[in-house]
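The structure appears right after this line, and notes come after that.
Protein chains get the first letters and strands the later ones, always in sequence-line order, with residue 1 at the start of each. What's counted below: heavy atoms across the whole structure, side chains too, no hydrogens, waters or symmetry copies.
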There are 4 protein chains.
Amino acid sequence: MVEKGRPRSEKIEKAILSAAYKLLMETGFQSVTVESIAKEAGVSKATIYKWWPNKAAVVVDSFLAAAQERIPMPNTGSVEKDLLLQLGNLSDFLETDKGRVITELIAQGQFDSDVANAYRTRYFAPRRLAAREILQRGIERGELKKDLDMELSIDLIFAPLFYRMLVTGAEIYPDFIKSVVSCVLTGIKVP
Amino acid sequence: MVEKGRPRSEKIEKAILSAAYKLLMETGFQSVTVESIAKEAGVSKATIYKWWPNKAAVVVDSFLAAAQERIPMPNTGSVEKDLLLQLGNLSDFLETDKGRVITELIAQGQFDSDVANAYRTRYFAPRRLAAREILQRGIERGELKKDLDMELSIDLIFAPLFYRMLVTGAEIYPDFIKSVVSCVLTGIKVP
Amino acid sequence: MVEKGRPRSEKIEKAILSAAYKLLMETGFQSVTVESIAKEAGVSKATIYKWWPNKAAVVVDSFLAAAQERIPMPNTGSVEKDLLLQLGNLSDFLETDKGRVITELIAQGQFDSDVANAYRTRYFAPRRLAAREILQRGIERGELKKDLDMELSIDLIFAPLFYRMLVTGAEIYPDFIKSVVSCVLTGIKVP
Amino acid sequence: MVEKGRPRSEKIEKAILSAAYKLLMETGFQSVTVESIAKEAGVSKATIYKWWPNKAAVVVDSFLAAAQERIPMPNTGSVEKDLLLQLGNLSDFLETDKGRVITELIAQGQFDSDVANAYRTRYFAPRRLAAREILQRGIERGELKKDLDMELSIDLIFAPLFYRMLVTGAEIYPDFIKSVVSCVLTGIKVP
DNA sequence: AGATAAGCGAGACGGTACGTCTTGTCTTCTT
DNA sequence: AAGAAGACAAGACGTACCGTCTCGCTTATCT
């Protein structure tokens, strides 16, 4: 059966997401208003609420849609080098405007579980997968313990960066990453 | 020098903080309004704004004032046991209502640097100090490397719990803590 | 050109004006609050501020909207009788609740020129026109001087009533009106 | 019996009235706040409320205290000339800042009968007395009707000026005064 | 001289209205 | 039916002013 009436315009959806993303980058999550998105996109507020349940949903969506760039998958033959590259990329990213934004989204996730689910499945899940592959190859190469708890290991690797970003606010200098990888590895590596 | 004018009423200050804390626990950060605090405390809104610049400031203050209970300082003679106790307490705490609240405050800290500064200096700083002592004793007993980077080590220990709370939302079961401590230790322990 | 968007609801506008008018009559200008108007009208405060710049504007508007009843135009064939009827009506009116209200609006007009402009053009202008016609007919009938300064004469006729209402607070008894008309017509000098 | 305790400081009372008057002239009735009077006078708010029941009372008092300058009593031998001088002075006065202020006080009198009583007895009563004398002399000289209603006549003379000031807002040019006096004296009817 | 009591400055406080802002829904006409 | 425009309800925000109060200090008279 064919849908009746005017079909949903994909152009409009994109305009909304672009506008939301632009404002998110420029002014931060709290300063973005649905009104401002509508104006920037040349769109009616009702149209936004037609497709997203609330402001947080649009804004998160706009961020995640824009974050679909390729996730780098380092494969140097060494777990340590791979992890250093991976964490280096992440920490570089967290310094950018986008990095600031993701902490705002994580913050919003504490108040809105839909937001939390969104960034978990669409943002973090694929990135953890990349880390998983690095570790998997390390196991196969005999660099890492066979019975490694993968999820735990990934937590140990990523957690310190987010902990500093979100909780302590301490600077994330390059040596910090080196030290994190070194410490975690010496722990999980075959002795 | 003697203070001039009618002195600030401590009773009122306490009433405000108690009211804010009560509402924070009952309804969560976002649902607390300055109006509701004023009503609950039997106080004028203007009085609240006289002493705190905005809602976030009062609410955070109310939490931190209530969080001044003794920080447990385990001292079993073993770094591993001490850390297990410390992290066990923390994870128990994070399961309670207060635990939920602190994630909300951390969230708020992403939007308001005054809030972030408040919980960093008044909440986390003393708790990190406790961890520091545990590690220090470990070094003195020869359990840990002499040239240990303390801040980094504390980050490695605490980060995974907060990472799960704030980012992945994964459950924090008892074995998780054991594994975290074990992994971090094997790395920083003298071989 | 057709208006875009949802049209302004006339029902709501009327509800606001009715509510404001009701409260104005019941409690007086100073006791009316925008909040109370909103509540009485079952309307949002923002809607009121959308169409009126402040409380005074709504309240004055509500009064003037309600004061659009027919202005009596006596035409007895005698200037004196016409003026007596006109002033009698006015003084009866000033004794009512509405009369008290208009002094409050005039008072408000001293602080807010928009208010003053409103009652001048919408309330007094049409009433002065009626008086003008009475005088005009008097001139045509040869009762009054041909070169009469109309504005001045109208001032002389109306002023004493308002002067007593606003300034001296003296009672306005029926004979007072008779005397005013008589004096204005013939003067106080010995003939 | 002698009063116990520290006596009321006249200096302070004067400072309050001066401050209130200064602010009244500079910023108008509504913009004067008790706070600002206290600050300007270097006095405590409580001291103000100790001697006056509310803001309006102080401000009106400050005005009336300052308005105690001699009231001119023209006596030219002609009622017309006397009235022209008297009204001329009044209209000159109403053009000044003080003139604006008195309309504000009259306005305030509509909401506060204490204010109204104050300016009636302390401001208008003595000025009406002066007019009364003018008329009395006119009667004695045979210029005016013997059975003249004095209060009414005074109303007729003063009312138009205040009517223009308070109600119509029309300009009060010199000829206007001439015409008022002339009309009141001789009437508008064809002789 | 010391006690007593009111005057006073400073400023905290309760109360209450203001006018603004944002969210999410609803209504009308246009495409 | 989708969409633009924009009206609307709800309700929190932070500000302002009023008039009252609570301190401690000062300035008088009374004992």
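Atom-to-atom, NZ of Lys50(A) to P of dT23(E) comes out at 21 Å; the value is rounded to the nearest Å. When the C1' atom of dT26(F) is taken as reference, atom CZ of Arg6(D) falls 5 Å away, rounded to whole Å. Across the protein-nucleic acid pair, Lys11(D) atom NZ and dA28(F) atom P stand 10 Å apart, rounded to whole Å. As rounded to whole Å, 14 Å separates atom C1' of dT15(F) from atom CD1 of Ile48(B). The CD atom of Glu35(C) sits 8 Å away from the P atom of dA17(E) (whole-angstrom rounding). Between the P atom of dT23(E) and the CZ atom of Phe111(A) lies a distance of 16 Å, rounded to the nearest Å. The distance from atom CG of Leu23(C) to atom P of dA17(E) is 12 Å, rounded to the nearest whole Å. Atom CD of Gln30(D) is separated from atom C1' of dA17(E) by 14 Å (rounded to the nearest Å).
Scanning atom types as modelled, one donor and one acceptor separated by under 3.5 angstrom connect the side chain of Ser44(A) and the base of dA5(F).
OP1 or OP2 of dG14(E) sits under 4.0 Å from a side-chain N or O of Thr47(B). Tyr49(D) has no side-chain polar atom (N or O) that falls below the 4.0 Å cut-off from OP1 or OP2 of dT20(F). Contact annotation: Lys55(A) reaches the phosphate of dT23(E) (side-chain N/O to OP1 or OP2, under 4.0 Å).
Position along DNA chain E of the nearest nucleotide to Val34(A) versus Ala41(D) favours Ala41(D) as the more 5'-ward residue. If you find the closest nucleotide of DNA chain F to Gly5(B) and to Glu10(C), the one lying nearer the 5' end belongs to Glu10(C). Each of Pro7(D) and Asn54(D) lies near DNA chain F, and the nucleotide nearest Asn54(D) is the one positioned closer to the 5' end.
Surrounding NZ of Lys98(B) are more than 12 heavy atoms belonging to other residues, nucleotides or ligands, all under 6.0 Å away.
Between Lys39(A) and Glu35(A), no side-chain nitrogen of the basic residue sits less than 4.0 Å from a carboxylate oxygen of the acidic one, so the salt-bridge criterion is not met.
What you find for Ala107(D) and Gln110(C) is that their closest heavy atoms are CB-CG, 3.5 Å.
For the pair Val60(B) and Trp52(B), the minimum side-chain heavy-atom distance is 4.5 Å or more.
Using a 4.0 Å heavy-atom cutoff across all strands shown, Ala38(B) reaches no nucleic acid atom at all. Within the nucleic acid shown, Lys45(C) comes within 4.0 Å of at least one base atom, counting heavy atoms only. Here Trp51(D) lies in heavy-atom contact (under 4.0 Å) with sugar-phosphate atoms only.
Taking the six-membered ring where tryptophan is involved, the planes of Phe63(A) and Tyr123(A) are tilted, since the angle between them lies from 30° to 60°.
Distance from the side chain of Ile12(C) is smallest to dC8(F) among dG6(F), dC13(E), dC8(F).
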